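Below is one structure, written out as structure tokens; the observations come after it.
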Amino acid sequence: MEILSRAAQTTAALAKLKTVWQDKNISLKIKLKLLRAIVLSVFLYACETWTLTAELQRRIQALEMRCFRRILGISYRDHITNEEVRRRIRQHLGQYEDLLTTVKRRKLQWYGHTIRSDGLAKTILQGTVRGGRRRGRQRKRWTDNIKEWTERSLAGAQALAHDREGWRDHVYRSTVQRPHDPGGLREQ
């Protein structure tokens, strides 16, 4: 799976910078900027194409927490909650967009861009395969994420995506985190 491969590459990039994370002369704010620029950019490459299940969303949040804990020098054996880690990060960065929200925002932005274009990506995105789907529980499709996050039908999302400003506003509202909902996950 592409996401698991990206997560492994991100963890390797994080490990290569171990001396930077342990350096006391580099401020935490600079370390967090380096994390975003060098390490998390490896993970986010082509994230627009992923189909996110609930399990993959949990893995993305776990990866981000692993990165934050490494930078802060917090071991899982220290028994510090994830919420406390987020609080410490917010203390140094202020409000920040978490990794899962970034993936969702980029995916929604790419969808809008593709719908407004007339290229091959749009043809493939809107194309269907003849025949029915398999028996049993259906696998989540890429477009299912779009429908879930925008709370619209696919036709409604397509109509809205043609209005660039309206779509940009809707993407912002769809991905903004709620205070009681860290990570942008809704109850399922």
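Quantities reported herein were computed from a predicted structural model and do not represent experimental measurements.
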Considering only heavy atoms from C-beta outward, does the side chain of [X] approach that of [Y] to under 4.5 Å?
X    : Y    : answer
E148 : L52  : no
T51  : R139 : no
N145 : W50  : no
D169 : R173 : yes
R141 : K147 : yes

Working to the nearest 0.5 Å, report the span between [atom1] of [X] and [atom2] of [Y].
X   : Y    : atom1 : atom2 : value
L4  : L63  : CG    : CG    : 10.5 Å
I3  : T49  : CD1   : OG1   : 8.0 Å
Q22 : I71  : CD    : CD1   : 12.0 Å
E55 : K140 : CD    : NZ    : 12.0 Å
L56 : L100 : CG    : CG    : 10.5 Å
R69 : D78  : CZ    : CG    : 8.0 Å

I'd like to know whether NE2 of H92 has more than 12 heavy-atom contacts from other residues, nucleotides or ligands below 6.0 angstrom.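 Count over threshold, so yes.
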
Taking atom CZ as the centre, does R164 end up with more than 12 heavy-atom neighbours from other residues, nucleotides or ligands that are less than 6.0 angstrom away?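 Not more than 12 within 6.0 Å, no.
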
Of all heavy-atom pairs between A161 and G112, which one has the smallest distance, and what is that distance?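 So the two residues come closest at CB-CA, 3.9 Å.
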
Do [X] and [Y] land in one hydrophobic cluster if side-chain heavy atoms of ILVMFWY residues count as linked below 4.5 Å?
X    : Y    : answer
V42  : F68  : no
V103 : I38  : yes
W142 : L154 : yes

One pair to check against side-chain contact (heavy atoms from CB on, under 4.5 Å): R36 and T102. What are the steps and the verdict? CA-CA 11 Å; R36 276 284 209 224; T102 302; 4.1 Å; yes

With salt bridge (charged side-chain N to carboxylate O under 4.0 Å, His left out) as the test, pick out the partner of E48 among K107, R106, R105.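 Of all the options given, the one that passes is R106.
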
Side chain to side chain contact (heavy atoms under 4.5 Å, CB included) involving A157 - partner list, sequence neighbours excluded: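 Listed in chain order: Y111, I146, T150, W167.
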
M65 and side-chain contact (heavy atoms from CB on, under 4.5 Å): which partner among V85, I74, L99, D98?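 Going through the options one by one, the only one that passes is V85.
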
Test: R87 and E83 ion pair at under 4.0 Å: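 Not counted as a salt bridge, because no side-chain N and carboxylate O are separated by less than 4.0 Å.
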
Any donor-acceptor pair under 3.5 Å linking the side-chain atoms of R6 with those of Q9?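 Judged by distance alone, the side chains do pair up.
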
Do Q138 side-chain atoms and G136 backbone N/O form a donor-acceptor pair below 3.5 Å?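 Yes; at least one donor-acceptor contact below 3.5 Å.
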
Which pairs of donor and acceptor atoms, one on a side chain in residues 26-35, lie under 3.5 Å apart (sequence neighbours left out)?
{"unit_1": "S27", "atom_1": "OG", "unit_2": "I30", "atom_2": "N", "d": "3.3"}
{"unit_1": "K31", "atom_1": "NZ", "unit_2": "W21", "atom_2": "O", "d": "2.7"}
{"unit_1": "K31", "atom_1": "NZ", "unit_2": "D23", "atom_2": "O", "d": "3.0"}

